[in-house]
There are 2 protein chains.
Amino acid sequence: MAEFSQDFFKNAVTVDNVIFGFDESDLKVLLIKRGTEPYTGLWALPGDFIYADENIENAASRILYELTGLDNVYLEQVRTFGAVGRHPLGRVLTVAYFSLVKINHYDVHPSSFAQTAQWVKLAELRNSPLAFDHNAILDACFNALKQRVRVRPIGFELLPPKFTLTELQHLYEAILEADLDKRNFRKKILSMDFIVDLNESQEGVAHRPARLYEFDKLKYEKFVSEGFNFEL
Amino acid sequence: MAEFSQDFFKNAVTVDNVIFGFDESDLKVLLIKRGTEPYTGLWALPGDFIYADENIENAASRILYELTGLDNVYLEQVRTFGAVGRHPLGRVLTVAYFSLVKINHYDVHPSSFAQTAQWVKLAELRNSPLAFDHNAILDACFNALKQRVRVRPIGFELLPPKFTLTELQHLYEAILEADLDKRNFRKKILSMDFIVDLNESQEGVAHRPARLYEFDKLKYEKFVSEGFNFEL
DNA sequence: CTGACTTTGTGCATTTTTAACACCAAGTTG
DNA sequence: CAACTTGGTGTTAAAAATGCACAAAGTCAG
């Protein structure tokens, strides 16, 4: 093994954040158009260098906050990418995070890194190349989300405070990439006993309005921290 | 966001490797007694700096190889720890891996980093402090293993080529920290159809000898790559 | 104001999976 | 050969998952 030496203190570390949102039955990701070299003009995941006095998770929420103004957001580390040639300007490792936001609440603040930011449907990204190894990072994060959602009820982070069961079902269908049976889905969700019927209805829809629900915050947080089986 | 700058290229990155083995119904971890500052004399996870021209996973297998002489070992990245103060000599982030080895096959090669290496029972580590934040890393890796084992049949990496069903059960009990029903366990394992009855028996035991089994390598690898539900 | 349209909301029967449980068999030892 | 230790086996009851079809609530257009 190598001796401890100053020679090792030559790496840059960034955080890249896959910010998921859900809108009209589609999962979307917030991307930026790069405004600096390298890969200028290409779509990329929002990210930044980690500052010398900054914890990793902190960097991740800072990126999110600077871009969207959102705070207190669900955030999870996925893994670190560090292939030797992945950044043309030196050895740059990146720690990948994903976050889940309510898509209506964002408000994009462009910066030196980001000329433009835009929500892009996940489905549309399958075959379009992103900057760096961001396609691989996106894949890893989407898979992590898919796994997570089976065991923690975090999907809810993507929905507005009041939602219909059909919206919830569409969300799960988008994440799991599978069709779910309406009756079985409702039975299961309601039996889990952390969503509350508000006795309100949708308005302004051209059909029978659906009932609105919200989460029981306490029970929800218990399940988030303890975990439970959420197979659908 | 910050401008790109050479100031960011000042981090060291290490890999720490939680090497799991299984022996006599106990899960064990291969630890080293540190031979250099900081934390000289304390037990620690084997780890090293990542070289400038080296991929992360490569560093992880190099560490394993240098310590044990083992090659081609199951290795999985867990996550990266980088709290600002975690290393007294500067900003050092560490990427945590775990690996699964057959405990008989190792042969420890001490080095400048490791005066001594030793297999320690996981149970004994609950309350003994390791160097750096290695207790937290160990916890994260053990949890990752616990999760993984429910969805991939990787537990087998820890067993010798020929094994009894009781050994296999004890292994799963150690990883899941739960007691399993003997009959249900056997039914389930055998129905999965990737272990083969060798029609041989244990020898030299002072009781009814157990049958020996091995893996069907092809089916096993299919399940490792595709994943499947391995709930026990 | 009524008929057509769209989406909501609900129950039951069947199959599958899981969980609980106890005793005889095989070999070793003194 | 009796005592000891661990190995090996099947059934049943309960719970969970699956599959499936139709009436109800509201909007809209003529």
Side-chain angles (χ1 to χ4, degrees), chain A residues 22-26 149-151 153 159-160 162-214 223 227-232, chain B residues 22-26 149-151 153 159-160 162-174 176-193 195-214 223 227-232:
Chain A
F22 180 70
D23 187 33
E24 309 266 354
S25 298
D26 290 307
V149 102
R150 290 175 179 279
V151 87
L159 288 176
K162 298 179 181 186
F163 53 89
T164 71
L165 293 184
T166 301
E167 286 167 355
L168 185 58
Q169 181 175 345
H170 287 159
L171 170 60
Y172 274 92
E173 288 177 334
I175 294 177
L176 299 174
E177 298 183 296
D179 288 336
L180 303 172
D181 179 87
K182 180 161 65 165
R183 277 176 287 196
N184 295 336
F185 180 80
R186 285 166 185 241
K187 211 185 313 169
K188 188 134 191 177
I189 286 289
L190 291 174
S191 76
M192 282 170 178
D193 197 44
F194 53 75
I195 74 178
V196 180
D197 185 341
L198 288 168
N199 288 309
E200 290 177 53
S201 293
Q202 273 183 314
E203 283 174 19
V205 286
H207 54 75
R208 174 175 177 177
R211 289 176 157 262
L212 293 171
Y213 292 81
E214 69 176 2
F223 285 129
F228 77 142
N229 196 357
F230 205 68
E231 289 287 343
L232 298 165
Chain B
F22 180 70
D23 188 32
E24 309 265 355
S25 299
D26 289 308
V149 102
R150 289 176 180 278
V151 86
L159 288 177
K162 298 179 181 187
F163 53 88
T164 70
L165 293 183
T166 302
E167 285 166 356
L168 185 58
Q169 180 175 345
H170 286 160
L171 170 59
Y172 275 92
E173 289 177 335
L176 298 174
E177 297 183 296
D179 288 335
L180 302 172
D181 179 87
K182 181 160 65 164
R183 277 179 286 196
N184 293 337
F185 179 81
R186 287 167 183 240
K187 213 183 312 169
K188 191 136 190 175
I189 286 288
L190 292 173
S191 76
M192 283 172 179
D193 197 44
I195 74 176
V196 180
D197 186 341
L198 288 169
N199 288 308
E200 290 177 53
S201 292
Q202 275 183 314
E203 283 174 19
V205 286
H207 54 76
R208 174 174 177 177
R211 294 179 153 258
L212 294 172
Y213 292 82
E214 69 177 1
F223 285 129
F228 77 142
N229 196 357
F230 205 69
E231 289 287 343
L232 297 166

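Note that this is a predicted model, so its numbers are computed, not measured. Each chain gets a letter, A, B and so on, in the order its sequence line appears, and its residues count up from 1.
Among D/dG8, C/dC21, C/dT8, the nucleotide with an atom closest to any side-chain atom of A/Thr166 is C/dT8. When each of D/dC20, C/dT8, D/dT11 is scored by its nearest atom to the side-chain atoms of A/Asp181, the top-ranked nucleotide is D/dC20. Among the nucleotides D/dA24, C/dA20, D/dT6, the one closest to the side chain of B/Asn184 is C/dA20. Out of C/dT8, C/dC21, D/dC20, the shortest distance to the side chain of A/Arg183 is found at D/dC20. Residue A/Ala210 has its side chain nearest to C/dG9 when only D/dT18, C/dG9, D/dG8 are considered.
Put simply, NE2 on B/His207 is 10 Å from P on C/dT29, counting in whole angstrom units. In this structure, the OH atom of B/Tyr213 is 10 Å from the C1' atom of D/dG7, given to the nearest Å. A straight line from CG of A/Asn199 to C1' of C/dG9 spans 15 Å, rounded to a whole angstrom. Per the geometry, CZ belonging to B/Arg208 stands 12 Å off P belonging to C/dT28, to the nearest Å. As a whole-Å value, the separation of B/Glu24 CD from D/dT6 P is 13 Å. At whole-Å resolution of the value, CZ in A/Arg211 and P in D/dA25 are 11 Å apart. At whole-Å resolution of the value, CZ in B/Phe185 and P in C/dA19 are 14 Å apart. Regarding A/Gln202, its CD atom lies at a distance of 9 Å from the C1' atom of C/dT8, rounded to whole Å.
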### Message
Run B/Phe22 and B/Leu159 through side-chain contact (heavy atoms from CB on, under 4.5 Å) and show every step you take.
### Response
CA-CA 7 Å; B/Phe22 180 70; B/Leu159 288 177; 4.0 Å; yes
### Task
Give the C-alpha distance, both sets of side-chain angles, the deciding distance and a yes or no for salt bridge (charged side-chain N to carboxylate O under 4.0 Å, His left out) between B/Glu200 and B/Arg211.
CA-CA 6 Å; B/Glu200 290 177 53; B/Arg211 294 179 153 258; over 6 Å; no
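Side-chain contact, B/Arg186 with B/Thr166: a donor N or O sits under 3.5 Å from an acceptor N or O.
Nucleic acid contact for A/Arg186: base, since at least one base atom lies under 4.0 Å from a heavy atom of the residue.
Neither OP1 nor OP2 of D/dT9 sits under 4.0 Å from any side-chain N or O of B/Lys182.
Applying the 3.5 Å distance criterion, the base of D/dT11 shares a donor-acceptor pair with the side chain of B/Lys187.
Sequence order on DNA chain D of the closest nucleotides to B/Ala206 and B/Leu212 puts B/Ala206 first from the 5' end.
The closest donor-acceptor contact from the side chain of B/Gln202 to the backbone of B/Ala210 lies under 3.5 Å. Looking only at distances, no side-chain donor or acceptor of A/Asp23 sits under 3.5 Å from a matching main-chain atom of A/Asp26.
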